[in-house]
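Working notes for the structure below.
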There are 2 protein chains.
Amino acid sequence: MRAARPPFPGPGKFTPQTSGSHDIFVPDMTTQMMIELIAVLTAVRDDVPQVMTIDHGRLLPSGPLESTHRSLQAGVRAWVERQTGHPIGHVEQLYTFADHDRLLATGQGRLIAISYLALTRSHAGETGWRDWYDYFPWENSKSDAGRDCLAIIERLLCRWVADMDNAAMRVRQWQRCVSLFAIGDMVAWNDELVLQRYELLYEAGLVAEAGCTPEDAVPGQAMHHDHRRILATGMARLRAKIRYRPVVFELMPEEFTLLQLQRVMESLSGIHIHKQNFRRLIMQQQLVEETGGIEENTGGRPARLYRFCGEVRQARQFVGTKIPLFQP
Amino acid sequence: MRAARPPFPGPGKFTPQTSGSHDIFVPDMTTQMMIELIAVLTAVRDDVPQVMTIDHGRLLPSGPLESTHRSLQAGVRAWVERQTGHPIGHVEQLYTFADHDRLLATGQGRLIAISYLALTRSHAGETGWRDWYDYFPWENSKSDAGRDCLAIIERLLCRWVADMDNAAMRVRQWQRCVSLFAIGDMVAWNDELVLQRYELLYEAGLVAEAGCTPEDAVPGQAMHHDHRRILATGMARLRAKIRYRPVVFELMPEEFTLLQLQRVMESLSGIHIHKQNFRRLIMQQQLVEETGGIEENTGGRPARLYRFCGEVRQARQFVGTKIPLFQP
DNA sequence: ACCATTTATGCTCATATTGAGTATAAGCCA
DNA sequence: TGGCTTATACTCAATATGAGCATAAATGGT
């Protein structure tokens with residue numbers, strides 16, 4: 001990924017050109033720092049995007065950065081594998097933040113959380129995997145359940161706005177609701193705004209994490225701390241990324257049909273894709289090549305099998321990808 | 001910005017739903033952590049993108065996270081304003097990494113650096129501002145100096161590859177050079193790969209930070225530690241972002257002509273834009289509105305003045321922006 | 001006054017991309 | 001066989017995009 005910091009395999013070792021007081025830091029002993037690493041580990045199973053969790057689906061795999069970790073990424077890998085037994089593939093950093101609401105045991109420490117998005121393929125019969133849309137049912141705008149959930153949200157947001165004192169505020173916040181949740185088809189649904197939608201619901205007090213009672217909350221399972229927010233960040237990043245980088249293939253098996261590929265894209269984005277146009281775009285970009293194999297169990301005419309030919313194209317690196325993700 | 005974590009102004013306070021041992025952390029006392037905040041503060045002056053520096057252009061504004069900082073962003077703002085006297089506007093997080101090459105004074109500590117991109121408008125006569133392209137002359141592919149620099153780089157990379165033992169490695173690395181620096185017009189120049197190009201030069205030992213002698217280095221001023229790499233990350237982010245979000249306007253004065261806007265886009269991306277098409281796209285997206293004013297000193301026919309009308313459009317938030325940035 | 005020069009602005013045109021639909025192929029099952 | 005499913009090939013209209021032409025309105029020089 002663009003901002004990744006790989007271990008530098010290059011010839012020269014980094015030699016700081018000392019000049020004064022800039023290269024030695026004196027730690028601030030009054031504050032105890034703690035670094036927590038958190039992973040949004042995602043896979044797709046039976047056309048359903050899933051996330052790895054611990055603690056009965058209430059926490060993302062996470063743990064403190066330890067002195068034995070050679071790097072931040074290594075720390076993430078270590079924690080995920082220790083807690084879930086699942087080795088991970090592609091990893092990229094999401095976001096770093098100071099968690100105001102969790103201090104250290106000493107009471108005056110500071111917790112810094114660094115979150116990562118990780119992608120992986122296989123996970124036959126492992127525990128801990130949960131559907132994305134158990135936590136964010138409204139994001140699955142393709143499904144009936146998603147549409148129902150959106151109808152509920154629309155009503156609740158409407159009430160939230162109506163209860164405001166300030167008229168200008170009412171207008172502004174309703175505008176926000178309309179544009180984020182595509183209420184009344186004034187604006188098209190934007191699948192990438194996962195985090196913004198969650199934040200709006202949080203501000204409106206419609207999620208359990210905001211301290212409301214379960215009856216007042218919107219459908220969707222809550223998580224501990226701000227882990228659902230971090231999951232939202234990961235979902236948003238992945239939805240944005242599959243549009244212009246060939247990351248979907250990290251989630252696909254070695255061989256797949258074009259419809260299988262399309263189904264994965266659709267389930268990740270929660271959006272319908274026009275089948276013929278999808279094939280056209282994938283083919284003309286030469287992202288895949290035929291394996292020669294045939295998938296028989298399609299329920300209809302057998303389909304050709306393809307594989308990602310990124311290894312060849314990795315040479316002329318940093319390929320763009322265009323996926324026809326449009327509105328239903 | 002999508003991943004930003006604003007202070008939550010919502011009704012409910014975050015109330016963790018305790019369940020076992022997951023909300024209290026016991027700090028790892030064997031490792032001393034230190035958080036450093038680093039800013040890539042960018043402005044545009046006379047159609048030249050600039051970055052705020054300290055220490056005679058050798059360091060980006062930075063400093064440790066202190067217990068008095070209410071948040072990470074607040075810490076960044078505090079350090080930049082303390083070191084440069086310049087208040088900053090738009091801020092977004094870039095990347096977090098563990099700096100292997102700088103340990104704490106104790107010798108066994110760990111330095112975590114969190115970098116930010118910040119944008120600002122005015123800076124009349126302040127010190128510390130340096131041109132982007134003093135550090136990355138090859139990224140200014142629009143200018144003659146940039147083209148000369150690229151010619152030099154091409155020669156040096158060619159020699160670097162030729163000196164390799166392994167034939168397969170030679171092919172692979174030359175492929176990488178060709179695609180990143182658009183050698184021989186096999187591939188189009190991609191203005192967003194600032195970081196990847198810097199990393200390639202680093203691996204090739206062609207930048208001072210990699211420990212080479214000044215004679216062996218490619219043109220362009222070096223910085224201390226990995227600050228030039230962080231600058232590259234910021235440049236890449238900004239170049240990517242101006243294509244789909246209206247962030248350019250953070251760098252523009254209140255009123256501007258369309259040519260001024262185009263010049264800023266061109267200087268940020270280092271790419272030429274077709275004037276008429278640029279106007280067409282900006283106008284049809286209704287990103288700007290006429291102020292009624294006229295700019296007389298154009299050197300030709302006077303030009304209409306415009307202002308960003310994002311405040312209105314902020315309502316239907318998260319507008320996309322398309323800018324016609326293509327190759328020369 | 002006339003001209004070259006500069007920038008601003010409006011408009012055309014060929015081509016590429018995209019959304020949507022039609023048509024046919026090839027499997028299954030009753 | 002007909003009816004269902006999915007696969008795959010093609011067509012067509014609407015847009016979007018890259019490139020250029022033409023005219024407008026300022027400057028300065030002769």
Side-chain angles (χ1 to χ4, degrees), chain A residues 46-47 142 185 188-189 191 243-244 255-267 269 271-307 319-328, chain B residues 46-47 142 185 188-189 191 243-244 255-267 269 271-307 319-328:
Chain A
D46 299 327
D47 297 336
K142 229 179 36 171
D185 291 325
W189 173 267
D191 62 285
R243 286 167 185 264
Y244 63 96
E255 301 194 352
F256 48 84
T257 70
L258 291 184
L259 185 59
Q260 283 165 1
L261 182 63
Q262 180 184 341
R263 289 265 152 81
V264 170
M265 298 275 321
E266 288 179 326
S267 64
S269 63
I271 275 180
H272 261 117
I273 303 179
H274 184 281
K275 190 171 173 175
Q276 294 93 322
N277 292 348
F278 178 77
R279 308 177 108 261
R280 175 174 62 186
L281 221 50
I282 297 295
M283 298 308 287
Q284 83 186 16
Q285 285 178 108
Q286 298 185 287
L287 287 171
V288 298
E289 60 187 4
E290 286 189 47
T291 67
I294 295 283
E295 170 66 53
E296 299 284 356
N297 302 325
T298 61
R301 170 174 167 178
R304 297 181 201 163
L305 286 168
Y306 294 85
R307 75 165 66 88
V319 289
T321 314
K322 280 187 287 185
I323 304 291
L325 284 173
F326 52 87
Q327 315 315 326
Chain B
D46 300 328
D47 297 335
K142 229 178 39 171
D185 291 324
W189 174 264
D191 62 288
R243 286 169 185 262
Y244 62 97
E255 301 193 354
F256 48 84
T257 70
L258 292 183
L259 185 59
Q260 283 164 2
L261 182 62
Q262 180 184 342
R263 290 267 151 80
V264 169
M265 298 275 321
E266 287 179 327
S267 65
S269 64
I271 274 180
H272 260 117
I273 303 178
H274 183 281
K275 189 170 175 175
Q276 294 94 320
N277 292 347
F278 178 77
R279 308 177 108 259
R280 176 174 62 187
L281 222 51
I282 296 295
M283 298 308 286
Q284 84 187 18
Q285 286 179 108
Q286 298 183 287
L287 287 170
V288 298
E289 61 188 4
E290 286 189 46
T291 67
I294 295 285
E295 170 67 52
E296 299 283 357
N297 301 325
T298 61
R301 172 174 165 178
R304 297 181 201 163
L305 285 169
Y306 294 85
R307 76 166 66 86
V319 289
T321 314
K322 282 187 286 186
I323 303 292
L325 283 172
F326 52 89
Q327 317 315 324

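Order of the sequence lines sets the chain letters (A, B, ...), proteins ahead of strands, with each chain counted from 1.
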> Is there a residue in residues 293-303 of chain B whose heavy atoms reach under 4.0 Å of DNA chain D, and which residues are they?
Replying inline: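 Per residue number, the list reads B/G300, B/R301, B/P302.
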
>> Using the side-chain heavy atoms of A/L259, tell me which of these nucleotides is nearest: C/dA8, D/dT6, C/dG21.
In response: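 Looking only at side-chain atoms, A/L259 lies closest to D/dT6.
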
Heavy atoms only: give me the nearest [X]-[Y] pair and the separation to one decimal.
| X | Y | result |
| --- | --- | --- |
| A/P302 | A/E296 | CG-OE1, 3.5 Å |
| B/D191 | B/S269 | CB-O, 3.4 Å |
| B/T298 | B/A303 | CG2-N, 3.8 Å |

What is the distance from [atom1] of [X] to [atom2] of [N], rounded to the nearest Å?
| X | N | atom1 | atom2 | answer |
| --- | --- | --- | --- | --- |
| A/H272 | C/dG19 | NE2 | P | 15 Å |
| B/M283 | C/dG10 | CE | P | 8 Å |
| A/H274 | C/dT17 | NE2 | P | 18 Å |
| B/R279 | C/dT7 | CZ | P | 14 Å |
| A/F278 | D/dA7 | CZ | C1' | 14 Å |
| B/Q284 | D/dT17 | CD | P | 7 Å |
| A/Q276 | C/dG19 | CD | C1' | 11 Å |
| B/Q262 | C/dT7 | CD | P | 12 Å |

> Going by modelled atom types, is there a donor-acceptor pair between the base of C/dG10 and the side chain of B/R280 at under 3.5 Å?
Replying inline: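 Looking at the base of C/dG10, it does not pair with any donor or acceptor on the side chain of B/R280 (distance under 3.5 Å).
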
> Any side-chain N or O of A/K275 less than 4.0 Å from the OP1 or OP2 oxygen of D/dT6?
Replying inline: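 So the side chain of A/K275 is outside the cut-off, no N or O lying under 4.0 Å from OP1 or OP2 of D/dT6.
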
> Distance check: side-chain N/O of B/R304 vs OP1/OP2 of C/dT9, anything under 4.0 Å?
Replying inline: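 Result: yes.
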
> Checking side chain to side chain contact (heavy atoms under 4.5 Å, CB included) for the pair A/V288/A/M283: CA distance, chi angles, key distance, verdict?
Replying inline: CA-CA 7 Å; A/V288 298; A/M283 298 308 287; 4.3 Å; yes

>> Any base atoms under 4.0 Å from A/L258, or only sugar-phosphate, or nothing? Heavy atoms, all strands.
In response: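 Here A/L258 touches no strand at all.
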
> Can you tell me how far CD of B/Q260 sits from CD of B/E255, rounded to the nearest 0.5 angstrom?
Replying inline: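 One finds 10.0 Å between CD of B/E255 and CD of B/Q260.
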
>> Using 0.5 Å steps for rounding, measure from the CZ atom of A/R304 to the CD atom of A/E295.
In response: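 With rounding to 0.5 Å, CZ (A/R304) is 14.5 Å from CD (A/E295).
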
> Could you go step by step and tell me if A/R263 and A/E266 meet the side chain to side chain contact (heavy atoms under 4.5 Å, CB included) rule?
Replying inline: CA-CA 5 Å; A/R263 289 265 152 81; A/E266 288 179 326; 4.3 Å; yes

